[in-house]
S.K.: 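Mind looking over this structure? Questions follow.
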Amino acid sequence: MFRRSVLLGALLALAIPLVPVQAQTQVQTGERVLQVVSPWEISSLVPSDTGYIAARLGVAETLVGVEPDGKIVGLVADRWTVSPDHLTWRFHLRPSLRFHNDTKVTAQDVVDSFERGRPDSETLPTLPISTVSAQGDEVVIVTRTPFSPLPAFLADYGGIILAPESYAPDGHVVSWIGTGPYKVVGQQGDRIMDLAAAETSRIKPAITRVRYTAAPLGETRAAMIESGDADIAYTLLPTAAARINAGPVAHVVSLTIPRVRFLTFNTALPMFSDVRVRRAISLGIDRAGIAAAILRHPPSTADQLFPPVLAQWHDDKLPPLTYDPTQAAALLAQAGWQRGADGVLRKDGAAFRFTLLVPNNRQEMAPMATAMQEQFKALGIDMQVKVGPNPATPQAHKDGTLEAAFTSRTYVNVPDPIGTILPDFTRPHTIWASENWHSDEMDSLVAAYVANFDEARQPPIRRRIAEILQQELPVVTVSWTEHTVAVSNRVTGVQVDPYELRYLIERMRWAD
């Protein structure tokens with residue numbers, strides 16, 4: 001216990017400011033406090049940046065949400081309809097809905113909040129929206145063309161609904177005043193937020209006090225669970241999971257989720273514009289070795305983009321992604337790349353040398369990138385690994401400096417993966433996929449899919465989309481993801497959401 005305490009103290013000193021532990025917080029509030037820890041810092045209050053934290057914690061809600069079983073449900077809206085021409089959608093607000101400041105939620109409030117967040121969110125700008133208006137107790141969305149998955153897109157965290165008082169006169173978000181089961185009662189920097197059950201909410205949680213702590217280091221999160229300073233810890237490495245399960249204070253819940261780790265590129269660069277080079281890079285990755293040695297989970301070995309958990313999109317008939325350095329070298333030679341005296345490939349006088357951006361909030365990704373660095377070196381590819389904060393990748397996309405990145409990407413930002421496919425593979429500039437890749441056929445397929453209200457006609461479209469992505473490799477898949485959540489024995493009723501949209505704290509209870 002002494003060693004564990006020393007370790008925890010050292011990790012906390014490095015990773016997060018010292019904060020009152022659970023027992024001290026109980027004395028201050030008179031209530032037990034659920035300690036939740038995850039990697040995600042509250043770097044701003046802008047919905048497009050950190051709205052997912054507000055949604056996961058149950059502070060703010062979107063018009064529509066999704067249950068862990070995939071069922072689309074109403075949150076701010078309780079029901080919706082679409083006109084016979086499939087262009088006009090009406091979302092009826094829940095009656096007597098109130099914000100945390102006890103003001104009534106009006107349809108105009110919802111429209112104003114939605115329209116503030118929509119332009120900068122991840123998937124909402126891809127919607128073919130003509131107008132959004134308030135009519136009585138309904139939010140009316142008119143689209144230019146039929147768009148069947150629109151309700152699913154409205155689960156995008158960028159569309160969380162906030163009260164007018166959440167915004168400063170200049171439009172900046174200054175607080176999260178939402179409609180969820182919990183309200184914000186305090187914040188310390190970008191890593192600690194205190195919540196209390198909201199008296200105005202239609203949901204009455206059994207656990208009434210919550211402290212959220214962002215701890216980017218995975219070992220810190222594991223140590224907090226083991227020492228009793230956390231009740232729920234999200235996103236753990238398998239090595240920590242095994243240790244926690246062997247201990248007396250907590251257990252680990254694991255679930256395969258629709259999240260994929262892959263390489264992205266700026267395909268405008270000569271080295272990445274050639275599909276033969278992208279195929280060579282794919283053939284140069286020992287996915288099975290990485291999954292076994294680093295992830296400690298061989299089933300995470302990915303042989304295509306969509307994992308089996310996405311049953312409608314995963315295609316067992318696709319020729320699998322494999323590891324074949326000999327074939328990789330042959331493809332590179334066909335593409336005109338020859339080894340120089342220093343062993344690095346060259347073409348037209350330019351070395352095959354680039355920088356790979358890697359996020360620091362997923363502890364497994366830097367070792368995975370380092371393993372790929374060595375595997376590529378054997379092919380004559382000089383890849384430098386640059387580990388930094390998660391926002392560095394989207395910023396590099398925006399400012400045009402991206403060469404390549406290693407990304408962990410969920411395919412259910414909205415419940416239908418088309419919500420991720422559309423912005424990633426039909427736009428020349430993206431946030432998380434490859435820059436400047438384009439396919440006319442992909443554009444046509446996605447357009448046909450979203451315009452189709454007959455589900456029976458969608459499977460062949462899904463199959464062809466998956467086939468193009470496997471052949472063209474605009475992104476190079478490395479592994480699928482097993483999500484691990486550590487749960488203290490003090491807590492029961494924990495559900496792991498495969499869509500990663502909500503922590504569902506309001507459904508948890510104290511076990512004793």
S.K.: Quick check for you: to the nearest 0.5 Å, what is the distance between D49 atom CG and E122 atom CD?
M.R.: 11.5 Å
S.K.: Partners of F262 by ring-ring contact (aromatic ring centres under 6.0 Å, His included), sequence neighbours excluded?
M.R.: none
S.K.: Hey, could you give me the CD1/OG1 distance between I290 and T370, rounded to the nearest 0.5 Å?
M.R.: 10.0 Å
S.K.: Listed by chain and number, what are the side chain to side chain contact (heavy atoms under 4.5 Å, CB included) partners of T50, not counting sequence neighbours?
M.R.: S43, S44, I53, W176
S.K.: So which atom in L379 and which in G284 form the shortest heavy-atom distance, rounded to 0.1 Å?
M.R.: CD1-CA, 3.9 Å
S.K.: So, R296 and E364, do they make that salt bridge, N to O below 4.0 Å?
M.R.: no
S.K.: Between R261 and S408, do the side chains contain an N or O donor and an N or O acceptor separated by less than 3.5 Å?
M.R.: no
S.K.: What heavy-atom pair brings S282 and R287 nearest, and what distance separates the two atoms?
M.R.: OG-NH2, 2.7 Å
S.K.: Output all residues satisfying side-chain hydrogen bond (donor to acceptor under 3.5 Å, both in side chains) with D69, sequence neighbours left out; order by chain, then residue number.
M.R.: none
S.K.: Heavy-atom distance under 4.5 Å between the side chains of D231 and V487, does that happen here?
M.R.: no
S.K.: Checking side-chain polar atoms at under 3.5 Å, does Q384 have a donor or acceptor matched by the opposite partner on T355?
M.R.: no
S.K.: Please check this pair: side chain of S48 against backbone of S121, looking for a donor-acceptor N/O pair closer than 3.5 Å.
M.R.: no
S.K.: So, does H483 use its side chain to make a donor-acceptor pair with the main chain of L255 at under 3.5 Å?
M.R.: no
S.K.: Any donor-acceptor pair under 3.5 Å linking the side-chain atoms of E482 with those of S300?
M.R.: no
S.K.: I want to check something: taking the side chain as every heavy atom from C-beta on, are S479 and M368 in contact at a cut-off of under 4.5 Å?
M.R.: yes
S.K.: Which residue pairs pass the ring-ring contact (aromatic ring centres under 6.0 Å, His included) test with at least one member in residues 413-458, sequence neighbours excluded?
M.R.: H86-F453, W313-Y449
S.K.: Which atoms form the tightest heavy-atom contact between V59 and L195, and what is the distance?
M.R.: CG2-CD2, 3.7 Å
S.K.: Between N436 and N266, is there a side-chain donor-acceptor contact under 3.5 Å, judged purely by atom types and distance?
M.R.: yes
S.K.: Spell out, as yes or no, whether a donor-acceptor pair under 3.5 Å connects the side chain of K347 to the backbone of A335.
M.R.: yes
S.K.: Ignoring hydrogens and angles, tell me if any N or O in the side chain of E41 forms a donor-acceptor pair with the backbone of I192 under 3.5 Å.
M.R.: no
S.K.: Report yes or no: do Q495 and R507 form a side-chain donor-acceptor pair below 3.5 Å?
M.R.: yes
S.K.: Give a yes or no on whether a salt bridge exists between D274 and R276, defined as a side-chain N under 4.0 angstrom from a carboxylate O.
M.R.: yes
S.K.: For E374, does the CD atom sit with more than 12 other heavy atoms under 6.0 Å from it, leaving out its own atoms?
M.R.: yes
S.K.: Would you please indicate yes or no on a ring centroid separation below 6.0 angstrom for Y234 and Y503?
M.R.: yes
S.K.: Salt bridge or not between R118 and D156? Use side-chain N to carboxylate O under 4.0 Å.
M.R.: no
S.K.: Within the 3.5 Å criterion, strictly below it, is a donor on S38 or Y212 matched to an acceptor on the partner's side chain?
M.R.: yes
S.K.: State whether the side chain of T484 and the backbone N or O of L236 hold a donor-acceptor pair below 3.5 Å, judged by distance alone.
M.R.: yes
S.K.: Any carboxylate oxygen within less than 4.0 angstrom of a Lys/Arg side-chain nitrogen, looking at E61 and R502?
M.R.: no
S.K.: Just say parallel, tilted or perpendicular for the rings of F352 and F354, cut-offs at 30° and 60°.
M.R.: tilted
S.K.: Which atoms form the tightest heavy-atom contact between G419 and V414, and what is the distance?
M.R.: CA-CG2, 3.3 Å
S.K.: Would you name the heavy atoms of P394 and I431 that are closest together and state the gap between them?
M.R.: CB-CG2, 3.5 Å
S.K.: Regarding D399 and T401, is there a side-chain donor-to-acceptor distance under 3.5 Å anywhere?
M.R.: yes
S.K.: Could you tell me whether the side chain of T481 reaches within less than 4.5 Å of the side chain of R409, counting heavy atoms only?
M.R.: no
S.K.: Looking at T126 and L422, what are the two nearest heavy atoms and their distance?
M.R.: CB-CD2, 3.1 Å
S.K.: Of all residues at least two apart in sequence or in a different chain, which pass the side-chain hydrogen bond (donor to acceptor under 3.5 Å, both in side chains) check with Y52?
M.R.: none
S.K.: Under the salt bridge (Lys or Arg N to Asp or Glu O under 4.0 Å) definition, can you give me all pairs with a residue in residues 462-477, not counting sequence neighbours?
M.R.: R278-E472, E441-R464, R464-E467
